[in-house]
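Note sheet for the following structure.
To find a chain, count down the sequence lines: A is the first, B the second, and so on, and within it residues start at 1.
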2 protein chains.
Amino acid sequence: MSQRRIPLSRRERPAKPPLSRAGLVAVALRTMQEEGLERVTMRRLASELDTGPASLYVYVRNTAELHGAMLDELLADLGRHGEPSADTWRSELIDLLWAYTVLLFGYPSLARSVLMLRPSGPHYLRLIDTILGLLHAGGVPVRQAAWGVDILLQLATATAAEHGSRHEAVTATGEEEELAAVVREASPSTYPNIHRTRDELLSGTGEQRGRWAFGSIIDGMRAS
Amino acid sequence: MSQRRIPLSRRERPAKPPLSRAGLVAVALRTMQEEGLERVTMRRLASELDTGPASLYVYVRNTAELHGAMLDELLADLGRHGEPSADTWRSELIDLLWAYTVLLFGYPSLARSVLMLRPSGPHYLRLIDTILGLLHAGGVPVRQAAWGVDILLQLATATAAEHGSRHEAVTATGEEEELAAVVREASPSTYPNIHRTRDELLSGTGEQRGRWAFGSIIDGMRAS
DNA sequence: ACCTGAACACCGTTCAAGT
DNA sequence: ACCTGAACACCGTTCAAGT
């Protein structure tokens, strides 16, 4: 008769695991993969976890921190490199940076968010460490390497952020095409250099431009 | 007796100028300068202009486009360069890029927003054209110049975006310091390269690192 | 064409009060 | 310590209906 009133959620949902930071991040990641980062809101996550939004703030300080944790989890799959070789370090590094970029291509909105973060999760640190190791193997001086790793990662993230895709249209209506049109029609008298350069401004695939950028930044780091 | 009912706003506010895109952008810019981009919302702008939010969509497609227009307006003050010199083009270019960066330092949130845009306003095109002219004067091949201008501007914008300042705390609680702490304490066995490099990872002022980055990207563009 | 109020469909975060 | 419902203080954008 005095049966305790079990909350509705407990009776209906088969197994509500206890909340944890890892569990929160996992649900956030799954929601992002299925519906895009736009749908990963605190309220949405809370209802997914059968609780109120306030409960999530026990595990993350705010949305930005959640995004940082999601990135780090994603980076676990990026894999660790073996011993860096003094012969192939340059192309190994470009491959690694490109792999990171491609990984983020799948989540351009997350890339956009990460661009405003200073990630410091263990997998991100692992990535930094590996890049520094490759630069070291290539004989790049320590200061240049240290300052350069920031630029390389930032460029990679920004490249992914601009990529855009699928159900993640924040920027929405292609201003990419708008710029292209404006470049194509740039008047030789007003914008002589854009006019002169217009074909190359629009040339190349994303991968060509991306790999070239990484390579030439690396070369620039060695030079100065 | 049949005095037409004049809307309250007309009676109270001395002069309500007719809406225009330029006027909208001007009010948006002023609001940003006084209270930060966070307060520049469609609703806020509308009430500033004595109208409803829906009216603004006659002049801009969405918030992103408004931000693009604000950036372009800001860039009007960046000034046009004279004839680029074959001797001093490199330092002229670094100065120009640094000036653009410093300009955006005042509005880090706008920089963050611009990072996800492909600006195509007249002043932004002017900036691209000037950069291309300087690279041309320096003998940088046309493809490298065309592909490089993107990287340089993106890096400049990203640098400003990360700067953060005053009443524009989106990122809020310094994850900058968090990364610094984690780098300082990186264990030599888990992160040998971070440990080895830790002093240089945290060295240098923003200006030193920024100018170095521009310079070494420019050098890398020439090399490859 | 331009303008509008109201509505639609949401947000992040904090608070006081539980357990 | 952890968890919660409710509240605070907002959002961007669209719609149908004006002028």
Starting at [atom1] of [X] and ending at [atom2] of [N], how long is that distance when rounded to a whole Å?
| X | N | atom1 | atom2 | value |
| --- | --- | --- | --- | --- |
| A/E65 | C/dG12 | CD | C1' | 15 Å |
| A/R61 | C/dT13 | CZ | C1' | 14 Å |
| B/R21 | C/dC2 | CZ | P | 13 Å |
| B/L45 | D/dT13 | CG | P | 12 Å |
| A/L37 | C/dC10 | CG | P | 16 Å |
| A/R43 | C/dT13 | CZ | P | 11 Å |
| B/H67 | D/dG12 | NE2 | C1' | 11 Å |
| A/L56 | C/dT13 | CG | P | 11 Å |

### Query
Within less than 4.0 Å of OP1 or OP2 of C/dC3, is there a side-chain N or O belonging to B/T51?
no
### Message
Does D/dC10 have OP1 or OP2 under 4.0 Å away from a side-chain N or O of B/T41?
### Response
no
[atom1] atom, [N] versus [M]: distance in rounded Å?
| N | M | atom1 | value |
| --- | --- | --- | --- |
| C/dA17 | D/dC2 | C1' | 13 Å |
| D/dA9 | C/dC10 | P | 23 Å |
| C/dC3 | D/dT13 | C1' | 16 Å |

Between [X] and [Y], does any side-chain N to carboxylate O distance fall below 4.0 Å?
| X | Y | answer |
| --- | --- | --- |
| B/R61 | A/E178 | yes |
| A/R118 | B/E162 | yes |
| B/E48 | B/R39 | no |

### Query
What pairs with A/T63 under side-chain hydrogen bond (donor to acceptor under 3.5 Å, both in side chains), at least two apart in sequence or on another chain?
none
### Task
Report the stems of DNA chain D as range-with-range entries sorted by first number; a stem here is at least three consecutive pairs, Watson-Crick or G-U wobble, both distances under 3.5 Å, and write none if there are none.
C:4-8 with D:12-16, C:12-16 with D:4-8
### Query
Starting at the 5' end of DNA chain C and moving along, which residue's nearest nucleotide shows up first, B/P53 or A/T63?
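Between the two, 5'-proximity favours B/P53.
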### Message
Within the 4.0 Å heavy-atom criterion, would you say B/S55 contacts the bases, only the backbone, or no part of the nucleic acid?
### Response
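The answer is base, as B/S55 lies within the cut-off (heavy atoms under 4.0 Å) of a base atom.
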Picking from [options], which would you name as closest to the side chain of [X]?
| X | options | result |
| --- | --- | --- |
| B/A54 | C/dG5, D/dA6, D/dG12 | C/dG5 |
| B/V58 | D/dT13, C/dC3, C/dT13 | C/dC3 |
| B/Y59 | D/dA6, D/dC2, C/dC3 | C/dC3 |

#### Entry: Sub-4.5 Å side-chain heavy-atom contact between A/V114 and A/H67
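No, their side chains stay 4.5 Å or more apart.
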### Query
With distance as the sole criterion, is a donor-acceptor pair present between the side chains of B/S203 and B/E200 under 3.5 Å?
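Yes, B/E200 and B/S203 have a side-chain donor paired with an acceptor closer than 3.5 Å.
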### Query
Would you find a donor on one side and an acceptor on the other, under 3.5 Å apart, between the side chain of B/R196 and the backbone of B/Y191?
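Here the side-chain-to-backbone pair does not exist.
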### Message
Strictly distance-based, threshold 3.5 Å: is any side-chain N or O of A/R198 a donor or acceptor partner for the main-chain N or O of A/V183?
### Response
no
